[in-house]
Amino acid sequence: DAGVIQSPRHEVTEMGQEVTLRCKPISGHNSLFWYRQTMMRGLELLIYFNNNVPIDDSGMPEDRFSAKMPNASFSTLKIQPSEPRDSAVYFCASSPFPGSGDGYTFGSGTRLTVV
Amino acid sequence: TQLLEQSPQFLSIQEGENLTVYCNSSSVFSSLQWYRQEPGEGPVLLVTVVTGGEVKKLKRLTFQFGDARKDSSLHITAAQPGDTGLYLCADSGSRLTFGEGTQLTVNP
């Protein structure tokens, strides 16, 4: 298995532009998570899905952020409009089920820079 | 809201030294996971501990879970430069909650 695949690896965009981050989870994993990592706040959970259904989006910073999971093999995180304070590394992770003792497998992340 | 505190925040040591890093929670862990993150990559799971008092070993790494399931330690024996990375503890309940990590640097 190729693991969790995220694209793009790097994204530089201007303030006000729309940004879409993409994630392909491991096949057969039923839970998908979006995290944001910054030096100041560490790893923060933004939203997670079980069986393609959003379960908890309380970590989504504001209405500019939205996430979708149209099927079991694809998810997107969209920021519209983007702001400089959104600059961070965004990780997608998947697991067989919530609280899995097998752990969560993370992608390599998307480094977003908003100028 | 559960708070996970890790200490120390930064640790720089020489190759061959031993070290211990700590993770403390404001509430009982569902189960605890330790991850290591290298630059430019996502965190990678090292171990899961579930039972209070549990000890697990992974080569030169020893993980201990407190009896009350509110704290944990990671001990590395004879550290090597390849051990350099960010060590994160996490509560693996329905939502994985991370501490802020310990940044370890092992100098050759």
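Each chain gets a letter, A, B and so on, in the order the sequences are listed, and its residues count up from 1.
When ring centroids are compared, A/Y48 and A/F33 come within the 6.0 Å threshold.
Using bins of under 30°, 30° to 60° and over 60° for the plane-to-plane angle, the ring pair B/F63/B/W34 lands in the tilted bin.
The shortest side-chain heavy-atom distance between B/H75 and B/T20 falls under the 4.5 Å cut-off.
Scanning residues 53-69 of chain A against chain B with a 4.5 Å non-hydrogen threshold yields A/D56, A/S58, sorted by number.
If you measure heavy-atom distances from B/E41 to chain A, the contacts under 4.5 Å come from both the backbone and the side chain. Only the backbone of A/M40 has a heavy atom closer than 4.5 Å to any heavy atom of chain B. Using a 4.5 Å cut-off between heavy atoms, A/Q37 contacts chain B through its side chain alone, with no backbone atom that close.
Sorted by first and then second residue, the salt bridge (Lys or Arg N to Asp or Glu O under 4.0 Å) pairs involving residues 2-21 of chain A (not counting sequence neighbours) are A/E18-A/K78.
Between the side chain of B/R60 and the backbone N or O of B/A78, at least one donor-acceptor pair lies under 3.5 Å. Looking only at distances, a side-chain donor or acceptor of B/D91 sits under 3.5 Å from a matching main-chain atom of B/S30.
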- [ ] Could you please spell out the steps behind the side-chain contact (heavy atoms from CB on, under 4.5 Å) verdict for A/V19 and A/Y90?
- [x] CA-CA 12 Å; A/V19 176; A/Y90 290 80; over 6 Å; no

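In this structure, B/L4 CG and B/S25 OG are separated by 5.0 Å, a value rounded to the nearest 0.5 Å.
The most heavy-atom pairs under 4.5 Å with chain B, out of A/F91, A/F106, A/Y35, come from A/F106.
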